[in-house]
Structures are given as C-alpha cells and as structure tokens.
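To start, the structure under review is shown below, and the notes come after it.
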Amino acid sequence: MVPLSWYLIFAAALFSLGLFGALSRRNAVAILLGIELMLNSVNINLAAFWRYGDVLNMTGQVFAIIVFAVAAAEVSVGLALVISVYRRRNTVVADEIDMMKW
Amino acid sequence: MTGEQIVFLVVALFTLASGFMVVTTRNLVHAALWLVATLFGVAVTYGLLNANFLAVVQVVVYIGAIAILFIFAVMLTRKDMRDQGPQMNRNWWVGAILAVLTFVGLFFLLQGWSGMSMLAKDIPLGFDAVTEIGNALTSPDAYVLPFEIASVLLVAALVGAVYVAFNRK
Amino acid sequence: MSFLNDPLKVAADWLLGIFTGWGMPVTAALILIGFLGVLLLISLLMVLDIFLVWVERKVVARFQDRLGPNRVGPWGLIQPFADIIKLIIKEDTTPGGADKVVYNLAPMLSMMSVLILWAVVPLAPTMLGVDLNIGVLYIIAAGAIGALSIIMAGWSSNNKFALIGAFRQVAVMVSFEVPMLTMLLIPTIFAGSMGMGAITESQDVWFFFLAPLAAVIFLIAAIAELGRAPFDMAEGESELVSGYNIEYSGMKFGMFYAGELLHAFTFGGFWAILFFGGYRFFGLEKVSPFLAIATILFKAFVGYFIIMWIKYTLLRIRIDHMLAFNWKFLTPLAFTLLMVTALMNALLAGTPTWLYVSLMFLSNVVVAWIALEIARTYSRREREKVEGSKAGSLVEIEAAHQ
C-alpha cells in the first residue's frame, strides 16, 4: 500500500526539477520544457488527491483534464512565439532577446 | 515492501531520472526525447492511481501532440544540427539553490500535515471512471462551464498560434 | 468448459497448476502466465506478418497484371522467408554522424507501437488482451508513439531528405488523427462505451449500416495514419528516396517495413471491429472461439485488401493538398457528422430498430451528399479560375496554327 506522502514528494521533486530547468536554461524552448515538467507534477498531485480522497467526487480528474487543455494551449502559443522570435532575431537564447524594438 | 510499492518506486525513479536529464542535457533534441520518457512515466503513475482515462489522454495529448511540437520547434529554431555554446545561464547555481529550497520547503510543509500517511481506500465495485468523468464534464451542476471555457481557450490558442507563426509571403 | 469452448482459460489453469506445483507463489505464477500469453500473441502476429509480406506482393502483382513471386516454393509461399534471411544477413550500418541510441531505438519503437495495438483487439468473446474501458483512445495513443518513432528515425539519420520525409509524415499523421478520433467516437455513441469488447457486443446491426460515412472517413484517415498511398508523400521514391527510412538497411528496415504491413492489417482489423461487427457473424462466435478468431481474421483480411486496393489504384497526393484536404474538408465533415449522429441518436432513442437504422443511414447519406455538393461547387469555381486563363491561351494557339 503506497501512502499518499510518496506521491506528493514525487510530485514535489518533479516540480523542483522543472523549476530548475525554467530558471537556469538559456534556450527558450528548454525553458518551456521545464514549465511542462511543473505542469505534469501539478497533475500528479491532483490525481493523487482524487484517488486518496473521495473517489466518487470527480473534481480531481476534471481539474487534471482542464490542466491538460491549458498546457496544450500554452505550449502551442509559446512555441509559436519562439518560432516567430527566431524568424526575426535569428536566435532563441533568452539572454539575447533583450530589446523590444530597434 | 509490497509489490505495489516496488512498482511505484521504480516508476518514480525512472520519471525523476528522465526529468533530471531533461533539464541538464546539452543536446536539445535529447532533452525533448527525455521529456517523452518523463511524460510516459507520469502516464504510468496515473495508471497506478487507477486514473486510466488520464493515463491514455496523457499519452495522446502530451506525447502525441505536445512532445512532437517541442521536437519540431527544437529542429526549426537552430542554424545547424548541433548545439553550440553553454546551455545553462550564468546564474544557474541560483536556480539550483531555489529548486532545492522549494523541494525542502514543500517537504517540510507536507510533513506537518496529518493526512500524509493516508492509505488509498478500495474503489467501489462497478465504478466506471469514464462515465463519471463524462457526467462531471457535461452536467450543469458539475463542471460543464469550465469545460466549455477550456474549449474556447483552445480555439483562442489555435487562432493565436496560427496568426503568430504565420509566414506571410 | 472444455478446450474448444474456452482454450485460453483451460491453458492458463493448467499452467497455474504446474507452476504452483513447483512451489511458485500464485501472483508470480499469474504474472508469468500473462507474460507467456503476450509472448504467444506476439509470436503468432509476427508469423502473420511474414504471411502478409507474401499477400502484399501477390496482390500488388495481380493489380499490375503480372504474377508475383512464384518460384520459391508453391505459389511463392517461401518468398518472404527468403526476404527475411536476406535482411538478416545484410550489414547493419549506422550512418556516420547519426545519433546512435536514437537511431537504433526508432525501429524498435515503431514495431512496438503496432504490437501494443493488439492488446485491445477482441479476438473472441472470451479472448481479449485487456478489456480496457477506453480501448478506442488507446488506439490513438499507440498511433502517437508511432509518430514519435518516425520523427526519431528521420532526425537521427543525419540526412536532410530523411528529416523532410519524417516532418511531412508526422505532420500528416498528427493532422489526420483529428478526423480519425472524431469517427472513433461514433461507434462509442452507438455502443455507449469506449471498450472494444462492448462495441463488438452491441453490433446486432453492423455499425456500417448505421454510419457508412463514418466508416469511409475512418478508412481515409486510417490510410493517412498508416502512411500508405495515396498518402505516402514521405516515402515517395521519386520525391524523397524513401523518406525517413533512407539510412536504414538490413533488419532495421525490415522492422519498419513489416511494421507498416502489420499496422495496415491491424487497422483493417479495427475497421472490421468498429464498423463490421468484429468477431460476430450471426451467432457463429458463440459456437467456438476458434470460429470467432477465424471470422475476425477474415474480416481483417478483407479490410486489408481494400486498403491495398486503394494503394495500388490511386496516385500519390501532394503534401499541401493532403493537409488542405484534411483541415478544409475532412475535419469539418467529421465534426458535422458527429453532431448529426449524436443528435439523431438522442432523437431516435426508443424507436423500433428498422426505423432507427434507416433514418441513421439516410442522415449519413444526406450529410455526404451536402459535403460533396459543397466540394463540387468549390472545385468548379477553382477550375473556372484556372481554365479561364488557360482556355484563352489555348484559343490563341489554335488560331495561330490555322
């Protein structure tokens, strides 16, 4: 029998890894990869609380499905922006995208 | 150590190792592929939690669409096939310290909660999660409004992404 | 229950007796028996795959007015074994700048994504790998892993043609998943469940008669997913020199090729399960599971023959035409059909069967007719735009020749 704490600590570790990726990487696409890890860890938390709480109350799973939709929307718009920036500035390194307009 | 615990430990270690490789590997395409491994590990975790609809939707949406989007984006935003230069920020150690602090903080926050060692109750017989999700997503006294707003959000994201990335020739 | 009625359970109980007799704990014995069952299914599928190579070559030969392999063994039946021996003894090259791990993993993932589909195929009322209540979504998930393996193959080959071929193939696969998923929802509506076993059991009237347009759209989307002609832009010999599997030789190429054939057969099987009654044939499946397996294999072969028929008759479609066809015609049509089917299903609940079947069939025909009229008007307008300028120049050329 797996106690709830194991799932929550697993999700916290995945969240911290995603946070490290989002804060420390230079490439904009790599930053988005870190954000995806954070969203997945949140989903694990939601699913774990659904299972270990009242199974008949579907709020946890519904919330997780909405997070899927939000993550898909965010990734598509984010990557479209990154590709558009690459076309104009020929770079996706976050440090070099530092001027609004010249 | 019951079988379930061993399976969970194996899956969790695989997912965390893949996550670590996502954020540290130099080669970006490898990072995207390690992300696929992480997402698959998360899908197996959903399976362990008896949320099989979530597990399959995770594979379809995340691996089948989002991970492929990432691979496309990585391949379309580079001048040549290899990665050049440092892949980490100048202040990556601050990010590392913050990540460790976050994890330790969450850990201690959770330790103080009494429900941490809760065990899962058995699922009632004849419980069909898919029917229940369907009911929850479409019944007026459940979550039909967030469901419809999520679909509007997806249409907005679709239009926005096409408009932003459109190549006017 | 005798061996003829329920062979798998009899075999499993016998093996369980043997294993627990050796002193193994029950759970370990059950896991081992499950493993052996999976091994048996995969072995049978791979033997079937070899046979499919022979079927493919004979059928393409007949379509092209020739005989096909007929020298090696009676009717050329040993030919695929000769092919496999050739592929195995070929040198297993890895291109110079290729990414070794990804390059070697891609064919394995491609084959895996086809084999795992058979876990949800109901072979008989009692023979089903896993009775997932979300079997229909599982098919899409396996297709997603297949798309991933193609892009891994294309990128790791360190070859621009492979990369372009892989991009095109994955763009087509991801695009055509939308109408395919929508059409998979129509048997779900009729059966009230996403499980393949439940869908088969509720086909007293074959779903093809309830939703023929859905069957056609599912077939078109499935052929695009498979990457077979007329949607095989990524493998066109004249355009891309065999696309994402350029750099693969020997058995790795064999895995891609055999995987593609088995994938086509599997989708023939799914077409049969979802729209043509699966293993059911007027109660024949209750007599013995072996008759049920024979029925579903026969229907899968018919589906596979239709897919081959389409492949060897039609010309290849250009990539931008493919994507335009999907997003401008097939997806709106699929969504409209889904809405009409759901509406009719709700309105006609409780009516007698003959009325239900005929009205659903009629609604499908009406939707198809309207869609074709819209497509015809659009193409007429396009043709006038093009031929308006061409007809003028043709008249001038004619006048100059007089």
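Chain letters run A, B, ... following the sequence lines, proteins first, then strands; residues in each count from 1.
Contacts between A/F10 and chain B at a heavy-atom distance below 4.5 Å involve backbone atoms as well as side-chain atoms. With a 4.5 Å cut-off on non-hydrogen atoms, B/I133 touches chain A through its backbone and its side chain both. Of the two parts of B/W93, neither the backbone nor the side chain holds a non-hydrogen atom closer than 4.5 Å to a non-hydrogen atom of chain A. Heavy atoms closer than 4.5 Å to chain B are found in both the backbone and the side chain of A/A71. Neither the backbone nor the side chain of B/N91 comes within less than 4.5 Å of any heavy atom of chain A. At a 4.5 Å heavy-atom cutoff, the contact between B/Q58 and chain A is made by backbone and side-chain atoms alike. Only the side chain of A/I66 comes within contact range of chain B, judged by heavy atoms closer than 4.5 Å.
The side-chain heavy atoms of A/F68 and B/L54, taken from C-beta on, include a pair separated by under 4.5 Å. In this structure, A/L14 and B/V42 have side chains that are in contact, with non-hydrogen atoms separated by less than 4.5 Å. Looking only at side-chain heavy atoms (C-beta outward), A/L39 and B/Y62 come within less than 4.5 Å of each other. Within the 4.5 Å cutoff, side-chain heavy atoms of A/Y7 are placed close to those of B/L48. Counting only heavy atoms from C-beta outward, the side chains of A/L17 and B/F103 never approach each other to under 4.5 Å. Here the side chains of A/L56 and B/F127 are in contact, with some heavy-atom distance below 4.5 Å. In this structure the side chain of B/Y143 never reaches within 4.5 angstrom of the side chain of A/M58, judged on heavy atoms. Between B/L69 and A/S76, some side-chain heavy-atom pair lies under the 4.5 Å cut-off.
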Chi angles and distances behind the side-chain contact (heavy atoms from CB on, under 4.5 Å) call for B/F53, A/I65:
CA-CA 10 Å; B/F53 184 73; A/I65 292 174; 3.6 Å; yes
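Taking chain B as the reference chain and counting heavy-atom pairs below 4.5 Å, the highest number among A/N40, A/L23, A/I9 is found for A/N40. Residue with the most contacts toward chain A among B/W92, B/F70, B/F107: B/F70 (heavy-atom pairs, distance under 4.5 Å).
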